[in-house]
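Each chain gets a letter, A, B and so on, in the order its sequence line appears, and its residues count up from 1.
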Amino acid sequence: MTDTSSGSTSNSGTDFIREKIKADIASGRLGGRVQTRFPPEPNGYPHIGHAKAICLNFSIAAEFGGVCKLRFDDTNPETEEASFVDVIQEDIRWLGYEPDEVVFASDYFDQLAAWAVDLIEAGLAYVDDQDAEAMSLNRGSFTEPGTNSPWRDRSVEENLDLFARMRAGEFPEGSRTLRAKIDMAHENMQMRDPVLYRIRHAHHYRTGDAWHVYPTYDWAHGQSDAIEGVTHSLCSLEFDTHRQLYDWCLEHLDLPGVKPEQTEFARLNLTHTVTSKRVLRSLVEQGLVDGWDDPRMPTLRGLKRRGYPAEAIRAFCSYIGVARVNGTHEIELLESFVRTHHNKSALRRMAVLNPLELVIDDWPEGQVVELDAINNPEDPSAGTRKVPFTGRLFIERDDFMVDPPKKFFRLSPGREVRLRAGYFVTCTSFDTDESGEVVRVHCSHDPDTRGGQSPDGRKVKATLHWVSAAHAVDTRVALYGRLFTDSHPGADGTDPLESINPDSRKVLTGCKLEPILAETPGGEVVQYERLGYFARDPDDPDLWHRTVGLRDEWANIQKRQAKSKGRPQR
RNA sequence: UGGCCGGUAGUUCAAGUGGUUAGAACGUCGGACUUUGACUCCGGAUGUUGCAGGUUCGAGUCCUGCCCGGCCAGCCA
């Protein structure tokens, strides 16, 4: 089985990235050093996809005794905000990682500009007066070479002057750019004189109004890596074609130390989930969810509120490893990691979601018995608790059937079951309302089975959870289904929002909790026995979220029975 | 349309320099155990390794062609 107790295990033990690092160490290229970085743009909430990159970068640094910094890639003042900087840092720490240092690409703006001047002086960069449209037109296509800009051969002096005036804010936005002079006929489009600087008279959340030009990703990223001493710059597959430019920039600058190298890996996709900032934002803005931390959101904050442990997320990320192929993991796999984790640590409690009254007719009037119940069979040190038992209880509606089908072995007329940690009870009769719905079940009990034991060795086929009616605490419980009905939302080119599941959340009211559950702190996850893992909302003590259900064999049987019923025999 | 990267059970991943019956997990099915139809344990099933050729004693691995998918023509990252 998989080790979920640490974030550094993998199913394969190795992968192409770690292989490369080992080879680099062996060759001595790195001078014995390994350094990675997590470089988010502060323009949104981290989600499960980011978790993969975070885990990868931080765990690789840890495995190789290296360093991993958190670097905010804040080169676009139009979309970035300080608030996201805080959120991202908090979420990384929640996930379980501590950056060796928190740095900002904007800290390097001076150095980056100085290098741009070097490039100009070397005749490798020029100021282009073309607007975006003209530039696009002249870039050519996949099959046709581009056309040189009419401004491509300006003198070094003129370029220097123009760039200085761009920086000084003399020109309107979009009127000029600084471009690398590479090759407008290059087969790699990224190499057709890429833009290094664009004019933006925007307020930057950190540098304020000091700058009127901002570096592009391609100009900032590799050099930031180099400044920090990053050895392995891990990024997602779509930057593959940028690697050539990444290397070009570094090669043409006078850099100390080893040159960082970029390696690409597939980003994480999950079924029934979307990891696009754009789509996540519209979910929030259109009110389709309650916010970035809605328990249905794949954001780290959403998962946290839902009750996903950071440890399980780390184990999952480690397990899936890295690949060069874009794929989609089944969300069930993530859920299985969540179950595995909670199974070991979550306290067992009893809660009835859809209550049905059960009266024990031969129970002594008014008698209350305090029963001992095991807190966690997987962890004896978790001890026991007292649960009050009386003659009037609530059981789950699903646990009683008047006319049970085959393989249903819970309660039905004449049948005996165990009430967990309580007594064996036998159904003697039931009451219905005028519409025929069962409103109450009557039982007799066997006093010798106290604690759920069977002194005479007789067996029952089912053990039910229950809550004493007189002691029950009422609450609301939110049940969640998939946020998207499509396994691959938007994959066929449609708007992912078209496949949003209108029933992704069902809030049950009047749920009955055993009394001790009132003491569970907000944010904590317990197991409601036989039902699943549930997280108490950190802000609303009267709300519980179903993190994930238990594996449910009976549900599978029902599914199969329904299927075979709708199909001709044989 | 050109280039780059890929294509291995239902799914996601493994299979040193070509070397026995291509493995694992999740899912699924069956059984054991059980004071959770959970957990745990045991077992079964599912593959023309995208297709077609070629090299070789031997190809998932190397070569060629084709097919399919992803990415690239932002002054986003």
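Within the nucleic acid shown, Asn556(A) comes within 4.0 Å of sugar-phosphate atoms alone, with no base atom in reach, counting heavy atoms only. Contacts of Ser454(A) with the nucleic acid, taken as non-hydrogen atoms under 4.0 Å apart, are absent. Residue Ile557(A) is in base contact, counting any heavy-atom pair closer than 4.0 Å across all strands shown. Heavy atoms of Ser136(A) sit under 4.0 angstrom from primed sugar atoms or phosphate atoms, though from no base atom. Among the atoms of the strands shown, base atoms are found under 4.0 Å from some heavy atom of Phe409(A). Across all strands shown, Arg179(A) has no heavy atoms under 4.0 Å from either base or sugar-phosphate atoms. Among the protein residues, Gln130(A) comes within range of the nucleic acid bases, having at least one heavy atom under 4.0 Å from a base atom. Within the 4.0 angstrom heavy-atom criterion, no nucleotide atom of any strand lies near Glu173(A). Using a 4.0 Å heavy-atom cutoff across all strands shown, Thr328(A) reaches sugar-phosphate atoms only and no base atom. Nucleic acid contact for Pro40(A): none, since no nucleic acid atom lies under 4.0 Å from a heavy atom of the residue. Asn188(A) comes within contact range of no nucleotide atom at all, as no heavy-atom separation falls under 4.0 Å. Lys407(A) comes within 4.0 angstrom of a base, heavy atoms only. Note on Phe408(A): a base of the nucleic acid sits closer than 4.0 angstrom, heavy atoms only. Residue contacts for Thr463(A): at a heavy-atom cut-off of 4.0 Å it reaches the sugar-phosphate backbone alone, with no base atom in range.
In this structure, of C39(B), A77(B), C75(B), it is A77(B) that holds the atom nearest to the side chain of Tyr217(A). Set against C76(B), C75(B), G7(B), the side chain of Val325(A) has G7(B) as its closest nucleotide. Listed nucleotides G27(B), C75(B), A25(B) differ in distance to Tyr319(A); the shortest reach to its side chain belongs to A25(B). Listed candidates were G2(B), C75(B), A73(B). Nearest to the side chain of Thr143(A) is G2(B). Listed nucleotides A77(B), A73(B), A38(B) differ in distance to Asp73(A); the shortest reach to its side chain belongs to A77(B). Residue Ala323(A) places its side chain closer to C13(B) than to any other of C4(B), C13(B), A73(B). Of the candidates C75(B), A38(B), C26(B), C26(B) carries the atom nearest the Leu333(A) side chain, counting heavy atoms from C-beta on. For His242(A), whose side chain is taken as the heavy atoms from C-beta onward, the closest listed nucleotide among A38(B), A77(B), C26(B) is A77(B). Listed candidates were U36(B), C75(B), U1(B). Nearest to the side chain of Leu550(A) is U36(B).
In this structure, Lys459(A) atom NZ and G37(B) atom C1' are separated by 16 Å, rounded to whole Å. Separating the CD atom of Glu80(A) from the P atom of C76(B) is a distance of 11 Å, rounded to the nearest angstrom. To the nearest angstrom, P of A32(B) lies 13 Å from CD of Glu553(A). The separation between Asn138(A) atom CG and C75(B) atom P is 12 Å, rounded to whole Å. To the nearest angstrom, P of C75(B) lies 10 Å from CD of Gln190(A).
Between His242(A) and Phe239(A), the ring planes lie perpendicular to each other; the angle is over 60°, past the 30° to 60° tilted range. Using bins of under 30°, 30° to 60° and over 60° for the plane-to-plane angle, the ring pair Tyr45(A)/Phe84(A) lands in the perpendicular bin. Note: Phe534(A) and Tyr528(A) have parallel aromatic rings, judged against thresholds of 30 and 60 degrees for the angle between ring planes.
Residue Arg152(A) forms a side chain to side chain donor-acceptor pair (under 3.5 Å) with just one option from Asp193(A), Asn138(A), Thr147(A), and that option is Asp193(A).
Here Arg192(A) does not reach the OP1 or OP2 of G2(B): none of its side-chain N or O atoms lies under 4.0 Å away. Here Thr241(A) does not reach the OP1 or OP2 of C5(B): none of its side-chain N or O atoms lies under 4.0 Å away. Contact annotation: Arg551(A) reaches the phosphate of C39(B) (side-chain N/O to OP1 or OP2, under 4.0 Å). Residue Arg198(A) places at least one side-chain N or O under 4.0 Å from the OP1 or OP2 atom of C76(B). Distances shown here put a side-chain N or O of Arg139(A) below 4.0 Å from the OP1 or OP2 atom of C75(B). Here Arg530(A) reaches the OP1 or OP2 of G37(B): one of its side-chain N or O atoms lies under 4.0 Å away. For Arg560(A) and G30(B), the shortest distance from a side-chain N or O to OP1 or OP2 is below 4.0 Å.
Straight-line distance between the P atoms of A22(B) and G16(B): roughly 14 Å, to the nearest whole Å. Atom C1' of C71(B) sits at a distance of 16 Å from the matching atom of U1(B), rounded to the whole Å. Comparing the C1' positions of A14(B) and G60(B) gives a spacing of 12 Å, expressed to the nearest Å. The separation of A73(B) from C68(B), taken at their P atoms, amounts to 23 Å, rounded to a whole angstrom. With C1' as the reference atom, C72(B) and U56(B) are 38 Å apart, rounded to whole Å. One C1' atom belongs to G43(B), the other to C33(B), and the distance between them is 15 Å to the nearest Å. The separation of U48(B) from G7(B), taken at their P atoms, amounts to 16 Å, rounded to a whole angstrom. As rounded to the nearest Å, A25(B) and C67(B) have P atoms that lie 38 Å from one another.
Across all strands shown, nothing is found opposite U55(B) as a Watson-Crick or G-U wobble partner with both distances under 3.5 Å. With a 3.5 Å ceiling on both atom-pair distances, the Watson-Crick or G-U wobble partner of G2(B) is C72(B). Applying the Watson-Crick and G-U wobble criteria (two distances, each under 3.5 Å), C26(B) pairs with G10(B).
Across the interface with RNA chain B, nearest-nucleotide mapping of His488(A) and Trp554(A) shows His488(A) to be the residue nearer the 5′ end. If Gly452(A) and Thr271(A) are placed on RNA chain B by their nearest nucleotide, the residue sitting closer to the 5' end is Thr271(A).
A salt bridge is absent between Arg176(A) and Asp131(A); no separation between the charged side-chain nitrogens and carboxylate oxygens falls under 4.0 Å. By the 4.0 Å N-to-carboxylate-O rule, Lys386(A) lies close enough to Asp372(A) to be salt-bridged with it. One finds no salt bridge joining Asp128(A) and Arg154(A) here, because no Lys/Arg side-chain nitrogen approaches an Asp/Glu carboxylate oxygen to under 4.0 Å. Between Glu330(A) and Arg482(A), no side-chain nitrogen of the basic residue sits less than 4.0 Å from a carboxylate oxygen of the acidic one, so the salt-bridge criterion is not met.
Heavy-atom minimum distance, Ala113(A) versus Phe163(A): O-CE2, 4.1 Å.
Contact of Gln527(A) with U36(B) (side chain to base): a donor-acceptor pair of N or O atoms is detected under 3.5 Å.
Cation-pi geometry between Arg410(A) and Phe400(A) is not met: the NZ or CZ atom fails to fall both under 6.0 Å from the ring centre and inside 45° of the normal.
C72(B) has its base stacked against the ring of Phe142(A), the centroids being under 5.5 angstrom apart at an interplanar angle below 30°.
Because its glycosidic torsion is more than 90° from 0, G44(B) is reported here as anti.
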